[in-house]
Each structure stands twice: as C-alpha cells, then as structure tokens.
2 protein chains.
Amino acid sequence: MARIDRASTATDQRESGRQKVISTIRKSGQIARIDIAQKTGVSPATVTSITSELLKAGLIEEIAPDSKPDSRRGRPRVALKIRGDAHIVAGLKVANRNVMVALIDFEGNTVSEYTAALPASKLSPDDMAGFIETSVRAAAQEADMDVSQISGLGIGVAGIIDAPRGFVYWSPSMTERNVGLRDLVEARLPLPVFIDNDANLVAMAEQLFGMGKTVSDFIVVTIEHGVGMGIVIDNALYRGTRGCGAEFGHTKVHLDGALCRCGQRGCLEAYVADYALLREASITGSLSGQDPENATLDMLFRKAKSGDTTAQSIFHRAGRMFAMGLANIVNIFDPELIILSGERMQFDYLYADEVLEAMKAAVIQVDAPLPEVRIHKWGDLMWAKGAAAFAMDGVTDLAIRKITDAA
Amino acid sequence: MARIDRASTATDQRESGRQKVISTIRKSGQIARIDIAQKTGVSPATVTSITSELLKAGLIEEIAPDSKPDSRRGRPRVALKIRGDAHIVAGLKVANRNVMVALIDFEGNTVSEYTAALPASKLSPDDMAGFIETSVRAAAQEADMDVSQISGLGIGVAGIIDAPRGFVYWSPSMTERNVGLRDLVEARLPLPVFIDNDANLVAMAEQLFGMGKTVSDFIVVTIEHGVGMGIVIDNALYRGTRGCGAEFGHTKVHLDGALCRCGQRGCLEAYVADYALLREASITGSLSGQDPENATLDMLFRKAKSGDTTAQSIFHRAGRMFAMGLANIVNIFDPELIILSGERMQFDYLYADEVLEAMKAAVIQVDAPLPEVRIHKWGDLMWAKGAAAFAMDGVTDLAIRKITDAA
DNA sequence: CAGAATTATTTTATTCTGTGAAATATACTT
DNA sequence: AAGTATATTTCACAGAATAAAATAATTCTG
C-alpha cells in the first residue's frame, strides 16, 4: 500500500505548496520567505504557514542573522535553508564490477562513501538484493550509524527500469529478467527504497545539487562505457511510456553504420563509446604492440596528443558524430541547458570547443541564443550520489506527506 | 492585459477541475458523470457541480436517454457531450501559395471552408494581417455569419513562433522578422487570436479531434514540403524553450550528408521531402524529358510503381532514412503513439510496411510492445483544422475563465 | 405488482489550501 | 524620537473538493 502511494506521488504532477516551497529552498541554497513567495507565486502568508510547518518538522532551519548589514531599510529578511541533519539518505550504484554507496545528508553533503567489489558481473535477484543489503549495512557501519538512522535508499542500475513500480525489466547486472528488485530489497532493509535507471539518476542529481538547480528544462548526457541521457521537462524527469526512452546512445547516426554492442547498426554509441574507439584503434593497428585486452583509451589518447594522425582521426570522427547527436537533441528539444556529465572526463575529445562548434553549426539557427552547454566533472561518486538524490526526492515526499497527514 | 492572461494560461500546467472535466468530455465524445469522476479521479459530487456550471454556460449538453436499455440495474446514467452550437471558431493556415480557412463548431464539425490565393509568396506584416482579415471575413460571409459570431481565430504559420506571445520570429511567408502578428490581427478583427507553428497545430488537432484523443503522450509527424513534428507530453504541447524545438526535419541523419534547403547538411528533410526526391530524380535523369520545373512527385512515383529501378531506389532510400529518423524519436521519447499525419498521402513510400519494419528494427528492444504507429490521412483541411483546434483550446479556456470569474 | 436492490446523481456540511488586509516586528533615516 | 520602509505573522474568509447522506430512477425478485 505504501508502495502504491509512493508510485502515485511520482505521477502526481502538481506540486503541492509544500513541495514547491521546499524545492525552492533547496534550489536556492538559502532564501528568505519573501523571496520564496516571489519565486513561487505563492502569497507571503502561505509561505509563512508552510515554512513554519517545515521548521517544526525539522526539515528546514533559519539562518542566524549573520550580522551582515543588509544596507536596506525595514525589517531584515531571515533566510531559510534545508536542515542537513533532517535526514540521511543512501545512494547505491550497481556498476560493472562493483557497488558504490554514498551517504548524504539532506543538504547534499557527502557523509560517507563505500565501495565493494561485486562477486560476479551478473547476480541472481536474491544475491543482488543480498549484496545490496550487505553493502548498505557496511556503509552505515563505516559511518558509525545504524541503518535505522538512514531514511531512504536509492538504487541505480543500468538497464530498463520501471521506476514507479520499482521493477527491473532487464539489467546487464542480473541473471534474470523482470525482477521486482525494490520489493526484494525492502524485505531485507527497513527503508523505503527507490530504483531507477542510472542516466535518470544523474539527471536528478543535477537537478537537486548540480547545474540543473536553476533551470526547469534541461538534458543530461553521460558518457562512460555507454552513452546515456536524462531528460528534465518542466522540472520533472521525463521517462518514456515503457520506461525505455532517452536511449541517446542508441540513437542512429548512420544508416547501416558501425555495429553496436546492442546488435544494431549505426548507434551513436558505436562511434563514441570507449569500446568503439578501441575497436578502431585495433583495426588500424594504432595500438599495436599493446595487448588488445589491456589497451586503454589512455594510450590511444596519449598517442593522439603526441601527434599520431591515425589516433587523432579516430577521436576526430567520434567528436563529430557526438556533435551531430547533440545537435539532434537540440533540434528536437530546444532545452535551456545541456549538461555533459561525467565521472572521469579526462578525455576531452568529446568536449572540445571544436566539437561544440560543430554542434552549433548543425543546430537550427534562430535569433535566440543557443542553449548553453556545460560540462560537469564529477568525482567517483557521481552515480551513487545520483541514486542518493533520487532517494532524497522520495524521502522528502514522504516527509511532506507526513506533515500533510498530521495537519 | 487580456493578452497576458491568455499567455499565462497557456503556461499554467495544472488543469483546473473545470478544464479536466471538459477535456474529458471532449475526448470521450459522450460520457456520463460517474465515468468522468472515475476517469479524472475527481469525486462525483464535484463532477456534478462542475457539469452543472458548464450546462448553465451552454458549453455542454445532456444527451436524451436514447431509449437504449442499459440492461443495467439502477438509475441510468445520463451522458454528456460538448454542445456543438456553443461556439464557432475559425482556423486559418498560411500556406505557400494560398490561405485556407476552416470554420468549425465546438464539437469539431466543419461548418465551412474557404480558400484564397495569396497575392505574393511573401507579404509585409501589415499586408499579411490585412489578408488574414479579409479571408476570415469572406469565410464568415460564405457561411452566412458575421465575424462577431465567431469566438476565436487560430492561425498557423510556418516558421519560428513564440505562441504564448503571439510573436513570429521568422516565417517564410513574411518579408520581415520579429513581427507581433497576433496584435496586428487582433487590431483588425474583434476576436481573440492565437498563433502557432503548423506542426504544433496538427498535434493539437490530433489531440482534440483525432487519434491523440485517448493518449497522453504522443508525437505527430507531418510530411509535406518539409518534415514537421509536434510533441505532446502529459497531455500538453511541448514547445522548446526558444520556441524552435521539434525540428524533426532538420534532425541530422548523415554526417556531412545531402544539402538541405536550410543550408546545412544531412538533414532528414534533405532525404525525404519532395524537393529532395526530385533533385535525385533530376540528377539520374529519371524524369528526363520532363520540364524540371513541373516535374512532380506523381510522375516519379508512377515510374517507380511501373518498375523503374532507379526511381524505386530513390524512394527506397528515402523510406529507410525516414525509418531511421522515426526510430530515433522512439529511442528518445518512447511515446505511446506516433501519428503520421498527412494532407495528401497518396505516396506510400514513407508509410510502407517495409519502412515501419525498418523502424522497428532500429528501436531498442524491450519486452514491452513497441509504440503504435498510426497513419492519419486528412483532407485538404488538415492545417486549417489544426489552427481551429488551437483556437478552440484558447476559446475554451476563456469560457472557463468566465465561469470561474462569475462564481 | 410491491417492495428490495442497485446504480447515478445531487445536496449538505465540512475540510483544506491559499489569500488579502491588517497587525506586528525590526530595521534605517532624518 | 518620530517617521518610513520592509519582512513576517495573524486573522477572517473565499474557493475547490470531498465524504456522507439523501434522493432519483431503474431492474430484479418473490
């Protein structure tokens, strides 16, 4: 039952006043009541009543006057901020070879991080749930906490996920299809659990803590082994109807083009992902002398930097294909902002000015300025923090619901 | 001021109860109160109170019991429907060489249609507004009506439009950029005027009268001289932030590909629009003997049908490119439904089963069924009716606002 | 054919959310 | 200190939506 409630909340588009207020505070970092009223269009009276509820519930707090002379007449405004201690949430990312857990407080500060190697690259549903449980417990212990002090767990998995139902249609990390992973984990941990596809999680992280804070419509593109995309429209994550939209990496950029690991041809991923570049390198012998198993993008990148024209051309084409894919996104969505978000973005071939120029040249020209493209380099924790952001969203919802029900 | 109101309404995402109810009735054709309550999640009590307002305002009407034995026990449900006589709205489409006007009633029935040739392919803003005025007056006269009996006018123009502001950044039909066309027309006609890009208008028509009635997320693709797209997400038209999203036709499908009339290379349009096909035909000499100025797709199509392999290959490639573009849409949006909407769809090369098969093969495979692709063949009035749909939406808003203010 | 049962709609009293207007709080200016 | 400016709170009230009860209009059952 709690499940259905949570799912329906996610669907519920209209933000109640309380949600509007708390998300405004979160986006602004710190903000006075009058400004909340102005930003949200809600009346000052209502802001007062809502914030006093939130204060009582401990979700936000007032900031001490700061002795900062406002140099303004009149009663000084008192700023509000999210109270970091209000909740601790956990985010967990299931990656290829390991599981990463981040504990963050309600302000988004990282409290602790934890990594554990996966026993195998594919686990059975039960083993996966068990491993998740163990990892979360270990992460809590490392932070000197009990799991009961954690208010929610967000899990990011690659694959096709039905987030509202907490259901995994398919994931490369699991031996079975169609797994109700949320239920399995909730049976093992006394926490509300939220699951989503990893690209969506990063979009959520950008929205809550990152560059998407100030923007209502933006797109996040992630490049690692594959190419992912998260879409935020009107402040809400957009997921397709079947939960498999935003497959930017499998967007086709060439008719009958290069073979992709998905089995189809011409996918963007087949031109820009690391395996695609290494494939080209191995064909041209650019990395000859290297054990192909261990050949890394690093080597190829160094070669290009040191003048190897073949290596350069490999990166060059990848960059141009990427530019074309990005331009298509702009032509279709016309977003305010595109965030290129990455964990290890040491290779700038995809983010070079040259690439962005090529993108601009392939975008419909209007008088209005082009959407901004920003590059966001995260630490190792990007994915886990994204998962935590998702949990935080859910936990905030639950907290607000609790207030509402009490009232 | 009315202007600002209307604009803000368009932005206002949350449908008020009244809007929810009336749009449910419109989508359903006819529906009993209890079913409205069930569909919208609003309580029966509220439905009663809202519908009684709408009845009093004359926007809807009850359907006579129909003597149809429900074969059900209990008090029989009485169905409601939109009252066609409630309002007449006009839709006007500015095409290449002419202007088409459709008058439709509140149920979407066509009351009258009217066409007038444009004096030139590009007009000054004033001349355009004047020609629009004349055409609407003529259309009204032809239907034995006075313009004062028309409740609103929707205008569809190709180009980049800021619909909420009624502002035309650029249009191929006008000699100037940055024209506040709505104001110009409203100064000449005693009607609320609504302007939008044509692809959006067709999407609106599909949503109100067409195949999108039952679906909350869908995409409309139109193919005429160019390729257009309209996006409906969560029952609302999605326009990019700069008003130039959904440029499906200028999505790039080939790096450094064929030259498009927009000046860029590799646009989808440059492979599937009629001018692109004719260009290929003229190169290969497939239509030799024809005056190139008058060579038509018809001839090329007949050639292909009668076995000319060159002509066939031209269509074949166009179809495959189109399939690739469609697949990208599915990969990105994962919509419930894709509507291929056309005015004169006598050429099936883009809608052949073969093309749809190619699309399916290029879409990410999930267990869930693929989005449905439906082909909607409209009459000549497609665009004008779309413009009328947009007007109807606006007029409905105004009518509801009137009720709200009265209450 | 007269209840009984069933389903749809309406009425009524109430709740919840949000608001404007007035009151209050806390500064700066002169 | 009085006056003015600005932020916040209080308070009485309006509007939307609801649950529960009442009413309406049927079919079914004995």
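Letters go in sequence order (proteins before strands), and every chain restarts at 1.
Computed from coordinates, the A:Glu62 CD to C:dT26 P distance equals 12 Å when rounded to whole Å. For the pair A:Glu53 CD and C:dG18 C1', the computed distance is 12 Å after rounding to whole Å. The nearest whole Å value for the distance from the CD1 atom in B:Ile34 to the P atom in C:dT10 is 11 Å. For the pair B:Arg401 CZ and D:dA16 P, the interatomic distance rounds to 13 Å; values are reported in whole Å. In this structure, B:Lys20 atom NZ and D:dA16 atom C1' are separated by 11 Å, rounded to whole Å. What separates CD1 of A:Ile60 from P of D:dT8 is a distance of 12 Å, to the nearest Å. As a whole-Å value, the separation of B:Gln19 CD from D:dG15 P is 18 Å. Across the protein-nucleic acid pair, B:Ile36 atom CD1 and C:dT10 atom C1' stand 15 Å apart, rounded to whole Å.
For B:Val42, counting side-chain heavy atoms from C-beta on, the closest listed nucleotide (C:dT17, D:dT8, D:dT18) is D:dT18. The side chain of A:Pro44 sits closest to D:dT9 out of C:dT19, C:dT17, D:dT9. Distances from the side chain of A:Arg18 to the nucleotides C:dT17, C:dT19, C:dT9 place C:dT17 closest. Nearest to the side chain of A:Ser43, among C:dT9, C:dG20, D:dA17, sits C:dG20.
In this view, B:Arg33 and B:Thr51, B:Glu62 satisfy the side chain to side chain donor-acceptor pair (under 3.5 Å) rule, not counting sequence neighbours. For B:Ser148, the side chain to side chain donor-acceptor pair (under 3.5 Å) partners at least two apart in sequence or on another chain are B:Asp146. For B:Lys213, the salt bridge (charged side-chain N to carboxylate O under 4.0 Å, His left out) test picks out no residue, with sequence neighbours left out. For B:Thr40, the side chain to side chain donor-acceptor pair (under 3.5 Å) criterion is met by no residue, not counting sequence neighbours. Residues meeting the side chain to side chain donor-acceptor pair (under 3.5 Å) test with B:Ser43, sequence neighbours left out: B:Thr46.
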Could you list the protein-to-nucleotides 4-6 of chain D atom pairs, N/O on both sides, closer than 3.5 Å?
residue : atom : partner : partner atom : Å
D:dT4   : O3'  : A:Arg73 : NH2          : 3.2
D:dA5   : O5'  : A:Arg73 : NH2          : 3.4
D:dA5   : O4'  : A:Arg73 : NE           : 3.4
D:dA5   : O4'  : A:Arg73 : NH2          : 3.3
D:dA5   : N3   : A:Gly74 : N            : 3.3
D:dT6   : O2   : A:Arg75 : N            : 2.7

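The backbone N or O of A:Ala236 sits nowhere less than 3.5 Å from a side-chain atom of A:Asp234 that would complete a donor-acceptor pair.
Taking 4.5 Å as the limit, some side-chain heavy atom of A:Arg239 sits within range of a side-chain heavy atom of A:Asp196.
Contact check, A:Thr46 against C:dG18: no side-chain N or O comes under 4.0 Å of OP1 or OP2.
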